[in-house]
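Accompanying notes for the structure given below.
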There are 2 protein chains.
Amino acid sequence: MTPFKLTDELLAEIEQLIESRRDTELVNLMEDIHYADIAEIINELNEDEATYLIKLLESDKTSDVLTELDEDVREYILNNLSAKEIAEELDELDTDDAADIIGELPNEIIQEVISEIEDREHAKDIVDLLRYDENSAGGLMAKELVKVRESWDVLKCVKEMRAQAENVTRVHSIYVVDDEDKLKGRLSLKDLLTTSTRTHISEVYIPKVDSVNVNQKPEEVAKIMSKYDLEAIPVVDEIGRLVGRITIDDIVDVIREEADKDYQMAAGISQDVEADDSIWVLTRARLPWLFLGLVGGIGAAGIMGGFEELISKHAVLFFFTPLIAAMAGNVGVQSSAIVVQGLANDDLKGSVGNRLIKEMLLALLNGTILALILLLFTWLWKGDFLTSLSICLSLVAVILVAGFIGTFIPLFLHKRGIDPAIATGPFITTSNDIFGILIYFSIAKMVLGI
Amino acid sequence: MTPFKLTDELLAEIEQLIESRRDTELVNLMEDIHYADIAEIINELNEDEATYLIKLLESDKTSDVLTELDEDVREYILNNLSAKEIAEELDELDTDDAADIIGELPNEIIQEVISEIEDREHAKDIVDLLRYDENSAGGLMAKELVKVRESWDVLKCVKEMRAQAENVTRVHSIYVVDDEDKLKGRLSLKDLLTTSTRTHISEVYIPKVDSVNVNQKPEEVAKIMSKYDLEAIPVVDEIGRLVGRITIDDIVDVIREEADKDYQMAAGISQDVEADDSIWVLTRARLPWLFLGLVGGIGAAGIMGGFEELISKHAVLFFFTPLIAAMAGNVGVQSSAIVVQGLANDDLKGSVGNRLIKEMLLALLNGTILALILLLFTWLWKGDFLTSLSICLSLVAVILVAGFIGTFIPLFLHKRGIDPAIATGPFITTSNDIFGILIYFSIAKMVLGI
């Protein structure tokens with residue numbers, strides 16, 4: 001298969017069918033389309049069309065569609081549904097998805113929707129999940145899981161499992177708890193099937209199972225699950241009671257979002273925005289970093305103003321300020337990106353000192369190679385060896401300092417518990433621009449003896 | 001649980017145990033450590049220690065450790081193992097992991113290792129996998145899967161499944177094929193268990209299953225599996241025969257690598273490097289982009305040289321070149337990052353024209369706000385309205401052009417089938433620097449009438 005591609009023709013056809021209210025044809029057409037793709041279609045429809053289509057289709061299909069929609073589209077669709085209609089959708093969903101959706105509703109409606117949910121157990125689980133911080137394992141987990149008590153015998157266990165499995169889309173593991181619901185271990189299906197029905201679970205279960213705490217950060221859960229190749233992990237509360245489980249598909253989303261966020265930060269975009277957000281949202285995400293760049297540029301102008309007397313005698317120096325600033329920026333971004341990525345992937349080893357020494361050596365190597373090329377070029381161009389020399393010495397110095405700043409700042413922020421990703425992109429570029437220009441003119445002044 | 005953290009103490013203890021050859025203690029200590037964590041430990045040991053530890057532990061544990069090691073560490077460990085020892089490790093691994101490892105060996109050794117693998121079926125599967133391009137679904141898939149023929153009855157099916165499941169770590173789906181091995185659909189375990197043993201599979205299977213082709217790109221497979229929340233997907237060859245399956249854990253790695261690559265590209269690092277690679281590898285990855293910056297800087301110097309007469313009269317203009325260049329770079333990176341990310345996540349909708357118009361409006365809005373701030377500042381500082389005006393007009397123009405280039409180039413590359421990520425980072429920064437400076441001085445010349 002190839003990923004579904006929404007064509008203009010298909011979209012036009014659907015809009016046509018909606019307009020002329022040809023419901024049977026619409027339902028038939030949607031029959032063969034995956035819910036994730038229907039969500040893609042609905043994202044492109046207008047509010048009336050979208051609501052019409054959602055109300056037309058069965059809730060076992062539309063509930064999944066809802067989870068995949070853009071947040072703003074989902075918001076106006078839910079606005080057009082009654083509390084009872086929303087409750088019907090939630091009844092079809094796993095508790096984690098239901099809680100995510102209900103969490104976006106206004107408080108006064110949440111109450112009403114919850115009271116309309118038919119399956120009261122399900123409603124209770126959803127309410128439980130609402131209590132957890134979105135940015136924690138608790139906010140990520142679902143209540144659907146299969147658990148058995150160690151005091152049960154195999155016969156009872158199989159009977160209970162059958163009932164529980166009804167509500168679980170995919171059984172990854174059978175968890176074993178004690179009478180206080182504390183997680184004790186897991187059960188292998190094979191062992192269960194090859195043991196006499198009178199045997200107690202306590203005799204056959206595997207007393208070792210990885211779990212995470214409800215308060216752990218999603219990124220940490222993602223790290224654990226991807227490092228240990230887990231497809232599901234149980235979640236326990238502060239006193240070790242089994243309260244939910246997280247599956248790998250939720251983790252895939254966390255990894256994607258995490259990567260997107262770091263990428264945007266490095267590009268100077270400060271919130272999680274998408275290309276299709278409004279101009280206003282995009283401006284708010286981009287302007288602060290540009291403003292930082294503006295302040296940096298004004299700073300650089302101030303510094304250059306202090307070296308005004310150099311201009312009259314060595315105008316050529318000024319021609320190379322963009323080069324010096326650009327190189328400082330580039331080296332700084334390279335160094336900080338390597339450190340930020342190393343921290344994110346947990347593969348940064350050794351001490352801060354060693355890391356800095358390595359980065360300095362690297363900067364010296366790169367800087368010397370580039371400076372020699374530049375020396376040759378400027379000397380040939382202007383024929384003034386001393387000026388060329390001062391430009392090239394500055395280049396090496398600037399690259400060294402930029403490498404140092406780019407390495408040190410993210411490491412320092414990380415030590416302080418601050419996300420080092422904020423020190424990439426415009427932040428590093430701007431500070432390196434300023435330092436670079438200051439170093440450049442100071443060295444030039446010294447070499448040229450003015 | 002929290003992710004394992006390798007302490008200096010633990011490492012020292014292990015090195016001590018290895019040195020004094022206290023094998024039993026070593027084995028006991030390693031017993032409780034996950035293979036992914038043992039790999040982390042071995043990455044830090046020297047060649048002799050690492051080889052000693054691998055030879056000491058059982059191959060059912062070390063085989064998994066091998067798959068997790070850094071490539072260079074794995075290389076020297078394999079160099080120290082005989083063909084027979086390597087074959088023993090591969091015997092324990094799934095075919096995809098075994099093929100990945102064997103693919104790193106020199107050709108003359110591959111032959112020998114394959115001939116030493118005890119399980120001949122396993123060896124044949126590994127050889128099959130070696131034929132596929134690493135950068136394809138075929139290179140990602142494993143041969144381990146459970147498949148049944150539509151012509152079988154339930155009884156035969158269950159018997160065969162049991163034998164097959166022995167080799168499969170986790171059964172995600174039961175695939176149904178015809179007598180020519182062509183993928184026809186899948187079987188639900190529930191249906192299988194509730195049907196009479198004489199029923200033919202052809203009567204009970206679900207004739208619909210998502211699959212990918214061996215030649216599809218890993219990124220495309222990743223997109224499909226994460227969009228449709230699949231935990232495993234079957235892989236078919238050109239004529240529809242079932243040849244393997246891909247599981248979600250391999251996809252998690254693809255997503256991570258993909259994100260890392262784009263991030264590095266944006267930061268001006270041209271290969272997939274890690275913070276702990278050698279200085280030489282890091283230089284090769286970074287120098288080309290720095291060289292590009294150098295060439296750009298020389299270009300900028302050349303352009304400024306052409307405006308030399310402006311210097312004597314309006315030196316202040318020169319003080320703001322770093323600001324103009326930095327803003328051009330920042331806006332360009334922001335625009336291109338949004339486009340590259342939108343393309344990667346497939347959420348870029350609408351035509352190129354609309355995208356450009358939106359980006360221009362955004363640039364105009366940001367540019368005007370920033371230019372007004374700058375106008376106020378420079379006017380107050382130097383008291384020369386005309387100079388201030390020319391600086392600020394340039395700023396708006398430069399931001400517009402930078403936004404245009406940053407949006408257009410990645411879209412253009414993508415249309416041409418080139419990875420748009422190469423147009424982020426230093427590439428955009430450098431070209432925007434040059435354009436920015438050219439625009440700046442041209443506008444200044446016009447406004448100031450020189």
Side-chain angles (χ1 to χ4, degrees), chain A residues 1 3 34 36 210 223-224 226-229 248-249 252 255 259-260 263 266-269 274-276 279 282-283 286-287 290 293-294 297-298 300-301 304-305 308 311 315 318-323 325-327 330 333-334 337-338 341-342 347-349 361-362 365-366 370 377 426 433 437, chain B residues 1 3 34 36 210 223-224 226-229 248-249 252 255 259-260 263 266-269 274-276 279 282-283 286-287 290 293-294 297-298 300-301 304-305 308 311 315 318-323 325-327 330 333-334 337-338 341-342 347-349 361-362 365-366 370 377 426 433 437:
Chain A
M1 74 188 300
H34 190 280
D210 295 325
K223 228 173 247 179
I224 291 170
S226 68
K227 180 171 182 184
Y228 301 127
D229 283 343
I248 186 80
D249 53 318
V252 168
I255 292 175
D260 282 359
Y263 185 79
I269 303 166
E274 281 172 22
D276 284 310
I279 287 188
L282 286 169
T283 297
R286 290 164 59 162
L287 199 56
L290 293 180
L294 188 76
I298 290 175
M304 288 170 76
E308 207 164 350
I311 299 183
F318 278 76
F319 301 164
F320 287 93
T321 36
L323 185 148
M327 296 309 273
N330 286 347
V333 169
Q334 286 182 337
I338 287 264
Q341 197 166 59
D347 52 29
L348 213 59
K349 287 144 202 157
L361 284 174
L362 192 60
L365 181 61
N366 282 335
L370 294 168
F377 174 82
D433 271 11
I437 288 168
Chain B
M1 74 188 298
H34 191 280
D210 294 326
K223 227 172 249 177
I224 292 171
S226 68
K227 178 170 184 184
Y228 301 127
D229 283 343
I248 187 78
D249 53 318
V252 168
I255 292 174
D260 282 359
Y263 185 79
I269 305 167
E274 282 171 23
D276 283 311
I279 288 189
L282 287 170
T283 297
R286 290 165 59 162
L287 198 56
L290 293 180
L294 189 76
I298 290 176
M304 287 169 77
E308 208 162 348
I311 299 184
F318 277 77
F319 302 163
F320 287 93
T321 36
L323 185 149
M327 296 309 274
N330 286 347
V333 169
Q334 286 181 337
I338 286 265
Q341 198 166 58
D347 52 28
L348 212 60
K349 287 143 204 157
L361 285 173
L362 192 60
L365 181 61
N366 282 335
L370 294 168
F377 174 82
D433 271 10
I437 288 170

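Reminder, nothing fancy here: chain letters follow the sequence lines and each chain counts from 1.
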Residue from B:Gly293, B:Gly297, B:Ala300, B:Ala301 scoring the most non-hydrogen pairs under 4.5 Å with chain A is B:Ala301

Heavy-atom pairs under 4.5 Å with chain A, option from B:Leu365, B:Leu290, B:Ile437, B:Leu287 with the top count:
B:Leu290

For A:Ala259, give me all partners under side-chain contact (heavy atoms from CB on, under 4.5 Å), at least two apart in sequence or on another chain.
B:Ala259

Comparing B:Asn330, B:Asp249, B:Val333, B:Ile224 against chain A, the one with the most heavy-atom pairs below 4.5 Å turns out to be B:Ile224

Interface moiety of A:Leu294 toward chain B, non-hydrogen atoms closer than 4.5 Å
both

The interface call for A:Tyr228 against chain B, heavy-atom contacts under 4.5 Å, is both

Proximity breakdown for B:Tyr263 and chain A, heavy-atom pairs closer than 4.5 Å
both

Segment of A:Ile298 engaging chain B (4.5 angstrom heavy-atom cut-off):
both

Only counting residues at least two apart or in another chain, list the ones meeting side chain to side chain donor-acceptor pair (under 3.5 Å) with B:Lys227.
A:Asp37, A:Glu40

Where does A:Asp433 contact chain B at under 4.5 Å (heavy atoms): side chain, backbone, both or neither?
side chain

Could you tell me which portion of B:Leu370 (side chain, backbone, both or neither) has an atom closer than 4.5 angstrom to a non-hydrogen atom of chain A?
both

A:Thr321 portion near chain B, given a 4.5 angstrom heavy-atom threshold:
side chain

For the candidates B:Ala315, B:Ala266, B:Gly305, which exhibits the highest count of non-hydrogen atom pairs separated by less than 4.5 Å from chain A?
B:Gly305

Counting only heavy atoms closer than 4.5 Å, note whether A:Ile279 contacts chain B via side chain, backbone, both or neither.
both

Name the orientation class of the two ring planes belonging to B:Phe319 and A:Phe318 (parallel below 30°, tilted from 30 to 60°, perpendicular beyond 60°).
tilted

